[in-house]
Amino acid sequence: MTGPPGAAAPGPSAAPPATGPAQRAVPPRRALLAGAAGNFVEWYEFGVYGCFATVIAERFFTPAAAGADPAAPLLAAYASFAVAFFFRPAGALLFGRLADRAGRRRALVLVIALMTLATTLIGLLPDRATAGAAAPWLLVLLRAVQGLCAGGEFGGAVALMTEHAPPGRRGRYGAWQSFTVALGLLAGAAAAALTASLLSPAALSGWGWRIPFLLALPLGLTALALRTALPGPPTRTPAPEPAPAPEPAPAPGIGTVRAVVLGVGRIMGWSAAGYTFLVVLPSYLQSALGASFREALIATTLANLGFAASILPAGRLSDRVGRRPVMLAGALAVALCALPLLHLLRDPDAAAPAKAAALLAAGATVGLLAGPGPAMLAEMFPSSVRCTGLGLAYALANAVFSGCAGLIVTALTAATGDPDVPAYYAGGLCALSALALAGLRGDDHRGALR
């Protein structure tokens, strides 16, 4: 890899995109729809799992015995949540290399098929009362499959979207990856909230929690159909002399490794703040602040609405002013506002509209990071290793700073009794991420992808 990490090759923005080995051009909107559909299904499941973490802890993990730590089952549920994230780097390498060498379509079709199957099976999985000690292990196995698929999903989808974006619109097209994340989380929270409102607590805990997981089947089949319809590598026409075999994509070198590490630093604040405010929040509000399940879901929905509302404008703005100022603003806003936000939520005298506005604003600050983030990562890697490189950077950041967020926040809050732990976690990592983002070049958004 030539040039410093994050630098785009010089040239006009209208240069044709690099689309991988022998791959037909895809209409921009078609590429956008096919890439976004899989992201929606993936994050729908993660939203559902986050909302039902307390129910899953009750159904699959050993209830706390008399005198034992009452947070133990919830910690075990979050540990299974984290397992999926730690399989993401392996999935990024496996499916990323497939996408870089055999084309984006093949990898993306395989990823969404496996993800849909694993999520549906979670909805059918027998709980501990039926399957005994095997139940939590089966859940962890399915979460691991989901982690592998999620690791391959991001790199392939972002590469597909940004490589086929019209000139000057990479930020806007890449932002759709994050926007469908928000839509998926909102859909997951909405499905959980609707199920909880229609069923009694006993029915919800007994079998109703399975319904949102099973809804992933028709959603996944729709995404699979969209991706299967993408054009694959073209059929070669006979030639008087056989064309030389294409060179295989080079193995990631030291420059790519350096770019992956730098990419992790640039998005770790996005990962930590996103999961703290958008996924972990329901269980935190219930366990730390005594909120009801419905109150926690309403709070999470508001935060996700703010997140969704800011993503696409942030991506468009980054196409005009650059990735650095937009992402820096988001990182610094989280670092400065995370602690006041939690204090406001805990204040019994604070007005409900003020709390709602704070939750919307918290989500919006994460959107400032998530909007330009995919395009920023795509611009750090050449086409031959783009899926692998940006997918691995995203997977590692999510494995360490997102997958462990619920586990770390819950464990530290239980150990210290300090309800401000989530603010320290999200704000501190965003402050560190701001340092890495400060090194972004101001004109990366203007050049062609390498």
Side-chain angles (χ1 to χ4, degrees), residues 41 43-66 68-81 116 118-136 138-140 142-143 146 183-220 278-305 345 348 352 355-356 359 406 410 414:
V41 176
W43 291 95
Y44 166 84
E45 188 280 335
F46 277 91
V48 169
Y49 193 98
C51 290
F52 284 117
T54 53
V55 177
I56 290 172
E58 176 189 346
R59 305 305 301 178
F60 284 89
F61 298 96
T62 306
D69 182 2
L74 184 57
L75 287 173
Y78 275 132
S80 71
F81 190 71
T116 302
T119 302
T120 304
L121 288 176
I122 288 179
L124 299 172
L125 197 63
D127 60 17
R128 193 177 186 92
T130 303
L138 290 172
L139 177 63
V140 169
L142 292 174
R143 295 293 298 167
Q146 288 180 319
L183 291 181
L185 291 173
L186 281 170
L194 181 61
T195 305
S197 65
L198 295 176
L199 299 177
S200 67
L204 181 69
S205 176
W207 54 269
W209 64 270
R210 299 178 182 275
I211 297 174
F213 285 98
L214 294 175
L215 288 176
L217 180 59
L219 295 174
L278 308 178
V279 176
V280 173
L281 191 61
S283 297
Y284 168 77
L285 291 175
Q286 292 174 78
S287 61
L289 304 184
S292 69
F293 183 68
R294 287 182 175 83
E295 290 171 340
L297 286 179
I298 291 172
T300 306
T301 301
L302 287 171
N304 276 279
L305 283 173
L345 292 178
K355 292 183 178 182
L359 288 165
T410 304

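Counting begins at 1 with the first residue of the sequence. The structure presented is a predicted model; accordingly, all values stated were derived computationally and were not measured.
- Under the rule for a side chain to side chain contact (heavy atoms under 4.5 Å, CB included), Ala134 has no partner lying at least two apart in sequence or in another chain.
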Show every donor-acceptor pair shorter than 3.5 Å between a side-chain atom in residues 186-199 and any protein atom, with sequence neighbours excluded, or say none if there are none.
| residue | atom | partner | partner atom | Å |
| --- | --- | --- | --- | --- |
| Thr195 | OG1 | Ala191 | O | 2.7 |
| Ser197 | OG | Ala193 | O | 3.3 |
| Ser197 | OG | Leu194 | O | 2.8 |

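- A side-chain hydrogen bond (donor to acceptor under 3.5 Å, both in side chains) check over residues 203-219, counting only residues at least two apart or in different chains, returns the pairs Glu58-Ser205.
- Side-chain contact between Leu125 and Phe60: present, with at least one pair of heavy atoms (C-beta onward) separated by less than 4.5 Å.
- The minimum heavy-atom distance linking Pro136 with Ala133 is given by the pair CD-O, 3.2 Å.
- In terms of the side chain to side chain contact (heavy atoms under 4.5 Å, CB included) criterion, Pro218 has no residue partners (sequence neighbours excluded).
- In this structure, the side chain of Tyr44 engages the main chain of Pro212 through a donor-acceptor pair within 3.5 Å.
- Not counting sequence neighbours, the partners of Ile122 by the side chain to side chain contact (heavy atoms under 4.5 Å, CB included) test are Glu45, Leu139, Leu142, Arg143, Gln146, Phe213.
- To the nearest 0.5 Å, the span separating CZ on Phe52 from CD1 on Ile211 amounts to 8.5 Å.
- Taking both residues in full, the closest heavy atoms of Ala216 and Thr116 are given as O-CG2, 3.8 Å, listed atom of the first, atom of the second, then distance.
- By the side chain to side chain contact (heavy atoms under 4.5 Å, CB included) test, Leu214 is found to be paired with Thr120, Leu124, residues two or more places apart in sequence or in another chain being considered.
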